[in-house]
Visitor: 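Quick one: structure below, then a few questions.
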Amino acid sequence: MRALFISMASVALTWLCIACEEALPIYETEQDCLNFTVALREEFPTPVRKSFVYDSQDVVRDTIYVPVTSMGFVRDYDRPVTFEQVIVKPDSLYNAVPGVHYVPFDDPEVKDLMVLPAGQASADIPIIALRDTTLRDTISVLQLRIAPNEFFELGDRDRAECLVEIGDQLMQPKNWMLFGTYGYVKHRFLIEMTGWRFDEATFDELRADYLYASSIRTKAIAELRRVNEEREARGEGPLCEADGTPVKF
């Protein structure tokens, strides 16, 4: 009886699968769409960041990449990708300025590189960041939006934009949550304590080894306690951020 029940259940499941397959529409549209690649469940994607602060002074430009993914068919030819800048604030030192903070997208130097290569459904599109002196005091924001062209329409509107930040100062790396609330002084403190860069690559390594990251955090707590004791002996307050918030781990 049990075997009969299992057999009947298997038949029912098979027919259900067949019915579902028959109900699925065939993808026939010839219009391909394009999105920025966003991690699943990432409601507020981390910006793509570039800081020149770790580079020698003779480095005046660098290439960063933003990932895109197509919706539709994979083609056997290269397909140009078109970006446009969205102005998020009227202050020109806040919004990235073409030719000042990045090479314009219509410049021949980058235009031919902004493509989804043949046979691929995704790619990393290059953005050439420029090291302007304004970046020492202000982080430049480049809000990108995918612009429709003859090859792509806009896909998912929730993934139509991507934020790029360019600076010549310390900037919050991804995965900073390993050390709590971000602070510029805290960031500098960790660099001075370890001698590391504490950039994106550093945090990628720390994230891969949680126990090691925890040991660095424990060391930072002890070192901060020592520094604050020395400051107190000199009649100074605890180490704080520019707004007066004490540095804590």
Side-chain angles (χ1 to χ4, degrees), residues 33-55 59-71 80-89 91-107 109-111 113-117 120-132 134-147 152 154-179 182 184 187 197-208:
C33 299
L34 195 67
N35 296 315
F36 286 109
T37 304
V38 179
L40 293 176
R41 301 179 182 176
E42 191 173 353
E43 183 177 0
F44 301 104
T46 303
V48 177
R49 293 188 174 104
K50 166 59 189 178
S51 177
F52 288 97
V53 70
Y54 302 106
D55 300 320
V59 176
V60 296
R61 55 166 50 197
D62 195 9
T63 303
I64 52 181
Y65 297 88
V66 292
V68 297
T69 301
S70 64
M71 298 170 59
V81 171
T82 306
F83 291 162
E84 60 184 5
Q85 181 179 6
V86 179
I87 302 300
V88 296
K89 193 177 179 180
D91 185 352
S92 62
L93 292 181
Y94 186 72
N95 281 278
V97 178
V100 177
H101 300 122
Y102 70 96
V103 175
F105 303 133
D106 57 356
D107 189 294
E109 182 179 8
V110 298
K111 187 175 182 180
L113 301 177
M114 297 181 62
V115 297
L116 186 63
Q120 293 185 203
S122 61
D124 292 330
I125 306 300
I127 305 293
I128 300 179
L130 303 178
R131 192 177 195 173
D132 188 68
T134 57
L135 299 178
R136 298 172 187 170
D137 303 312
T138 307
I139 294 176
S140 176
V141 173
L142 174 57
Q143 183 80 13
L144 299 176
R145 177 187 292 155
I146 292 174
F152 294 107
L154 183 61
D156 185 349
R157 294 192 178 277
D158 291 335
R159 295 187 292 159
E161 296 188 5
C162 177
L163 179 63
V164 176
E165 295 180 349
I166 307 170
D168 196 0
Q169 53 188 286
L170 292 180
M171 300 168 66
Q172 180 178 347
K174 298 177 182 177
N175 303 314
W176 176 270
M177 68 286 297
L178 293 171
F179 291 91
Y182 180 78
Y184 184 93
H187 196 167
R197 292 164 63 110
F198 266 89
D199 55 4
E200 302 281 355
T202 301
F203 276 87
D204 285 343
E205 294 179 7
L206 290 176
R207 187 184 184 188

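Owing to the predicted nature of the structure, the values given are computational and were not obtained by experimental measurement.
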Visitor: For residues F36 and E161, report the shortest heavy-atom separation together with the two atoms involved.
Guide: CD1-C, 3.4 Å

Visitor: Could you pull out the closest heavy-atom pair between L130 and L135, with the gap in Å?
Guide: O-CD1, 3.3 Å

Visitor: Using every non-hydrogen atom in the two residues, find where M114 and I125 come nearest and quote the distance to one decimal.
Guide: CG-CG2, 3.9 Å

Visitor: Should the pair F198 and F179 be assigned to parallel (<30°), tilted (30 to 60°) or perpendicular (>60°) ring geometry?
Guide: perpendicular

Visitor: Would L116 and S70 count as a side chain to side chain contact (heavy atoms under 4.5 Å, CB included) here? Give the steps.
Guide: CA-CA 9 Å; L116 186 63; S70 64; 3.8 Å; yes

Visitor: Can you measure from CD (Q169) to CD1 (I139) and round to the nearest 0.5 angstrom?
Guide: 4.5 Å

Visitor: Between V88 and V141, is there a side-chain heavy-atom distance shorter than 4.5 Å?
Guide: yes

Visitor: Using side chain to side chain contact (heavy atoms under 4.5 Å, CB included), reason through T82 and I146 one step at a time and then give a plain yes or no.
Guide: CA-CA 6 Å; T82 306; I146 292 174; over 6 Å; no

Visitor: Using side-chain heavy atoms (C-beta onward) and a distance below 4.5 Å, is R145 in contact with C162?
Guide: no

Visitor: Are M71 and T69 close enough, and set up right, to give a side chain to side chain contact (heavy atoms under 4.5 Å, CB included), and what steps lead you there?
Guide: CA-CA 7 Å; M71 298 170 59; T69 301; 5.9 Å; no

Visitor: Quick one: pull up OG1 in T63 and CG in L113 and give me the separation to the nearest 0.5 Å.
Guide: 8.5 Å

Visitor: So how far is it from D124 CG to I64 CD1, rounded to the nearest 0.5 Å?
Guide: 11.5 Å

Visitor: Distance check, rounded to the nearest 0.5 Å: L154 atom CG versus L34 atom CG?
Guide: 8.5 Å

Visitor: Yes or no on side chain to side chain contact (heavy atoms under 4.5 Å, CB included) for L206 and N175, after CA distance, side-chain angles and deciding distance?
Guide: CA-CA 9 Å; L206 290 176; N175 303 314; over 6 Å; no

Visitor: Looking at every heavy atom in both A96 and H101, which two are closest together, and how far apart are they?
Guide: CA-ND1, 3.5 Å

Visitor: Can you see which heavy atom on T134 is nearest to which on D132, and at what distance?
Guide: OG1-OD2, 2.6 Å

Visitor: For the pair F83 and Y102, evaluate ring-ring contact (aromatic ring centres under 6.0 Å, His included) and give the outcome as yes or no after the intermediate values.
Guide: CA-CA 13 Å; F83 291 162; Y102 70 96; over 10 Å; no

Visitor: For a quick test of reading the model, state the closest non-hydrogen atom pair linking A123 to Q120 and the distance between them.
Guide: CB-NE2, 4.2 Å

Visitor: Just by distance, with hydrogens left out, do Q85 and Q143 show a side-chain donor and acceptor under 3.5 Å apart?
Guide: no

Visitor: Has R131 got a side-chain atom pairing as donor or acceptor with F52's backbone, closer than 3.5 angstrom?
Guide: yes

Visitor: Salt bridge check, R61 against E109: does any charged N sit closer than 4.0 Å to a carboxylate O?
Guide: yes

Visitor: I need the I87 CD1 to L142 CG distance, nearest 0.5 Å.
Guide: 9.0 Å

Visitor: Between D199 and R49, is there a side-chain N and carboxylate O pair less than 4.0 Å apart?
Guide: no

Visitor: Quick one: does P98's side chain get under 4.5 Å of F105's, heavy atoms only?
Guide: no

Visitor: Which distance, rounded to the nearest 0.5 Å, do you find between the CD of E205 and the CD of E200?
Guide: 12.5 Å

Visitor: Aromatic rings W176 and F203: how do their planes relate, parallel, tilted or perpendicular, breaks at 30° and 60°?
Guide: tilted

